[in-house]
Amino acid sequence: MKLADVMSGAGLSIYAVVALLLFVIAFLAIVVRTYAPGSTARYDADARIPFSDDEPGPASRARE
Amino acid sequence: MSTHLDTFSYDDAIVRKFLWATFIWGLVGMLVGLWIALELANPAFNLGLEWLSFGRLRPLHTNAVIFAFAGNAIFTGIYYSSQRLLKTRMFSDGLSRFHFWGWQAIIVAAALTLPLGFTQAKEYAELEWPIDIAIAVVWVAFAINFFGTLAKRRERHIYVAIWFYIASIVTVAVLHIFNNLSLPVGPLKSYSIYAGVQDAFMQWWYGHNAVAFFLTTPFLGLMYYFMPKAADKPVFSYKLSILHFWTIVFLYIWAGPHHLHYTALPDWASTLGMLFSVMLWMPSWGGMINGLLTLRGAWNKVAEEPVLKFFVVAVTAYGMSTFEGPMLSIKSVNSLAHYTDWIIAHVHTGALGWNGLLTFGMIYWLAPRLFQTPLYSKKLAEYHFWISTFGILLYVAAIYSAGITQGLMWRAFDETGRLAYPDFVETVMKLMPMNWVRVAGGTLYIVGMLMFGYNIFKTWAARPAKYDVPVISAPPLAKVYVDPHPVPAGTGVWARFTGVHWHRNWERMPLIFTVMIVLAVVVASLSEIIPTFLIRSNVPTIASVKPYTPLELAGRDLYIREGCFNCHSQMVRPLRHETERWGEYSKPGEFVYDHPFLWGSRRIGPDLARVGGKYPDLWHVRHFQDPRAVVQNSIMPTYAHLQKRALDFDGIQGRVDAMAMLGVPYGDAVNRAPAMAREQATALAAGIEATGGPAGLGDREVIALIAYLQRLGKDIRSAPVPAAGGTP
């Protein structure tokens with residue numbers, strides 16, 4: 001029996017539903033993980049990373 | 001923890017290089033776009049020059065705008081923001097420069113080869129194999145440079161923008177390599193190793209994800225960096241940005257088959273593509289809202305800051321095109337929109353609005369920082385904003401209505417149950433006013449682009465004699481990480497899952513991250529690809545379908561060279577108005593010898609899947625010589641050069657051999673292809689002469705192309721019974 005026979009006989013019509021379910025589960029896992037209590041302070045700190053460069057921006061130079 | 005500080009500086013010279021390249025190529029790409037818009041409004045703009053004809057220039061426009069304009073814009077933003085987000089100079093200045101010059105060389109190669117007709121005939125993957133290899137090499141150099149920079153970073157936490165960059169870099173590499181696998185038959189010619197349905201599937205797996213991982217994820221990374229910077233506020237919700245990221249990575253990769261609804265692609269694949277596309281709407285809007293709400297409390301700044309105006313409209317355009325995308329992927333909507341200008345309107349909302357305006361906003365913000373002098377004119381930037389926004393509105397409104405008009409006319413029946421517009425050219429003429437409005441909209445956008453260039457140029461001209469290179473100091477990463485925001489550890493499975501320790505092993509995070517992304521992308525891809533290739537009933541064989549004769553194969557290669565597929569589809573969908581208009585719908589088994597597939601994605605001209613035998617040979621000779629002499633009001637370019645140029649008979653053998661290597665059962669032709677081609681050509685030419693046509697066409701290119709066209713749809717007609725199969 002060839003791989004093509006196996007695949008052909010595998011009945012992939014419910015395939016879309018299975019894939020959909022898997023990804024919904026993965027999505028829910030990420031939601032739970034992200035919104036788990038106690039992480040807010042950390043994410044707020046992460047959100048401020050772009051502002052942690054201490055370069056002199058043009059704001060400190062003369063601007064129009 | 002050590003208190004020692006490293007000192008270093010950022011490489012902004014490379015950012016300035018990419019910035020200029022963005023402007024220059026952007027202008028070139030848009031001018032080519034304007035030119036082909038003119039060609040559709042009036043075919044005289046083809047100027048009778050083969051290398052300026054629509055079929056040759058359209059790929060140049062799309063490639064220039066995607067890979068040259070958007071590509072260089074992405075690199076500008078990535079090189080600027082990554083160094084700052086990771087607190088380190090790029091890993092290697094040498095690799096940065098190699099990346100820059102390599103990429104520009106590839107663009108130049110594209111600009112030369114595409115008008116000359118060297119193309120793989122796959123949308124956004126037209127470039128031939130040597131250039132594809134060069135792209136892979138330059139991309140790998142970029143990846144090494146980028147991941148090297150990640151490895152030597154001094155900021156432990158990896159900001160969400162960087163995640164988007166990582167996803168883009170790895171996924172583009174995977175897509176590029178697998179869609180471009182082909183067998184070379186000469187220095188600038190190759191055949192896709194996939195055929196027919198499978199080739200179509202791979203192409204749109206690639207094509208859709210080029211939109212996702214070249215035009216969406218990198219720009220989202222840029223949005224998450226530059227928008228907060230410009231607004232001087234952190235992103236609205238960092239948590240939302242994490243969700244945005246993962247859902248985009250999970251979902252996008254599945255969506256490709258929505259480009260092939262109602263085609264010979266198996267039904268399950270297109271249903272899957274539709275489902276995932278519809279789901280994509282959710283994270284996309286999450287991202288848009290996240291971007292817009294970043295400006296909360298800063299709306300007064302938007303009024304006075306052109307940079308923010310550009311960002312607001314860019315993000316809104318992202319929201320509009322990501323609402324429209326899922327809608328277009330719904331089969332019933334798609335049956336109306338596919339092959340029409342509606343799709344063109346859709347991509348221009350994305351390209352001009354989202355990619356273009358985000359790029360302009362970013363560069364207006366960067367220019368004073370990179371050239372270390374205030375922006376030359378804020379007012380001019382303001383005008384640029386308004387003129388380009390207005391240009392987009394004109395363009396999109398016109399082409400929308402063109403698309404819907406076209407779609408409705410194709411499917412309209414009169415009260416007697418016959419097609420209301422049986423003459424295709426009538427539907428073409430109806431769009432002419434809209435085509436001109438598009439030209440006006442595009443012109444406005446380009447005028448804005450010139451204002452932009454002038455503004456940046458004047459800013460640059462006022463730069464200091466020598467750029468100041470600030471010395472930055474930051475502590476290196478500590479060997480042992482102490483979480484400044486520890487989360488109290490719980491007990492039990494649930495607590496360990498929700499407790500954040502297991503995924504906060506930051507030292508290894510970039511690696512884990514990259515692996516997870518690759519996993520998500522590869523698993524999703526393989527789940528669609530493997531069944532497409534292995535389920536037999538997907539492509540039921542049709543006994544009467546035979547390989548093209550050597551002459552027809554040569555003609556098919558001319559069809560590819562001239563880019564006819566940019567205007568003509570070869571795919572009759574199983575919809576009543578289509579079978580009425582064109583004939584029997586297309587079956588997967590018809591395409592088993594088609595390396596590459598030529599289904600096309602747009603019908604500026606009629607479908608050609610069933611054109612074989614529709615007209616006498618002489619009709620085609622006259623039509624190529626001067627389409628308007630045969631069909632008044634045709635907008636097809638003239639192909640008079642096909643009658644002048646001699647056909648390369650001897651080159652045919654190599655092509656037949658390559659096809660045979662790919663598994664096409666060529667039999668005797670592998671030994672005597674040129675001779676067989678000559679015989680067929682001579683007979684065809686004699687027939688044309690006998691019916692009153694010009695003499696001496698037997699060794700001209702046009703004869704091969706006619707042989708090919710006359711073959712289209714013939715095999716299926718000679719089939720005794722349509723083959724049974726599980727597909728529509």
Side-chain angles (χ1 to χ4, degrees), chain A, chain B residues 10 81 84-85 87 155 157-161 224-225 228-229 232 234-235 237-243 246-247 250-251 254 268 271-272 275-276 279 368-369 372-375 377-378 470 472-474 483-485 487-488 497-500 503-504 520 524 527 530-531 533-538:
Chain A
M1 198 148 116
K2 282 199 191 142
L3 188 54
D5 300 321
V6 179
M7 295 298 292
S8 307
L12 291 165
S13 45
I14 55 151
Y15 189 79
V17 184
V18 174
L20 189 69
L21 278 180
L22 280 178
F23 276 73
V24 169
I25 292 168
F27 175 74
L28 289 178
I30 292 172
V31 172
V32 170
R33 192 198 88 172
T34 309
Y35 284 89
S39 58
T40 305
R42 214 191 57 217
Y43 286 129
D44 284 349
D46 286 356
R48 266 188 280 280
I49 294 174
F51 300 96
S52 68
D53 58 7
D54 38 22
E55 269 186 296
S60 62
R61 299 194 192 104
R63 234 211 278 195
E64 237 183 311
Chain B
Y10 298 135
S81 61
R84 277 139 181 106
L85 287 170
K87 285 213 175 60
E155 170 64 58
H157 299 287
I158 296 178
Y159 184 65
V160 66
Y224 277 118
Y225 179 80
K229 286 297 270 187
D232 213 8
V235 61
S237 163
Y238 197 76
K239 292 178 178 178
L240 189 54
S241 69
I242 296 177
L243 287 191
W246 280 111
T247 35
F250 278 161
L251 300 182
W254 299 82
W268 65 265
T271 302
L272 203 60
L275 275 177
F276 276 89
M279 288 198 292
R369 287 161 178 83
Q372 302 179 354
T373 181
L375 186 67
S377 166
K378 216 162 139 176
I472 314 291
S473 51
D483 192 342
H485 308 284
V487 179
F497 176 71
T498 56
V500 270
H503 61 90
R504 284 268 304 178
S527 333
I530 294 178
F533 280 72
L534 289 180
I535 301 180
R536 289 241 172 85
S537 63
N538 284 344

Quiz prompt | Results of side chain to side chain contact (heavy atoms under 4.5 Å, CB included) for L240(B) - residues two or more places apart only | solution = Y35(A), S237(B), N290(B)
Quiz item: Rounded to the nearest 0.5 Å, how far apart are CZ of R48(A) and OH of Y159(B)?
Solution: 11.0 Å
Self-check item: Nearest heavy-atom neighbours spanning A47(A) and P234(B)
Solution: O-CB, 3.8 Å
Quiz item: Going from CH2 on W246(B) to OG1 on T34(A), what distance comes out if it is rounded to the nearest 0.5 angstrom?
Solution: 10.5 Å
Quiz prompt | Verdict with reasoning, S52(A) to K87(B), per side chain to side chain contact (heavy atoms under 4.5 Å, CB included) | solution = CA-CA 9 Å; S52(A) 68; K87(B) 285 213 175 60; 2.8 Å; yes
Practice problem: Mind checking the NE2-CG spacing from H157(B) to D46(A)? Nearest 0.5 Å is all I need. | Solution: 5.5 Å
Quiz prompt | Gap between atom CZ of F51(A) and atom CG of D232(B) - 0.5 Å precision | solution = 5.5 Å
Exercise. Keeping the roles fixed (side chain from K229(B), backbone from P50(A)), state whether a donor-acceptor pair exists under 3.5 Å.
Key: yes
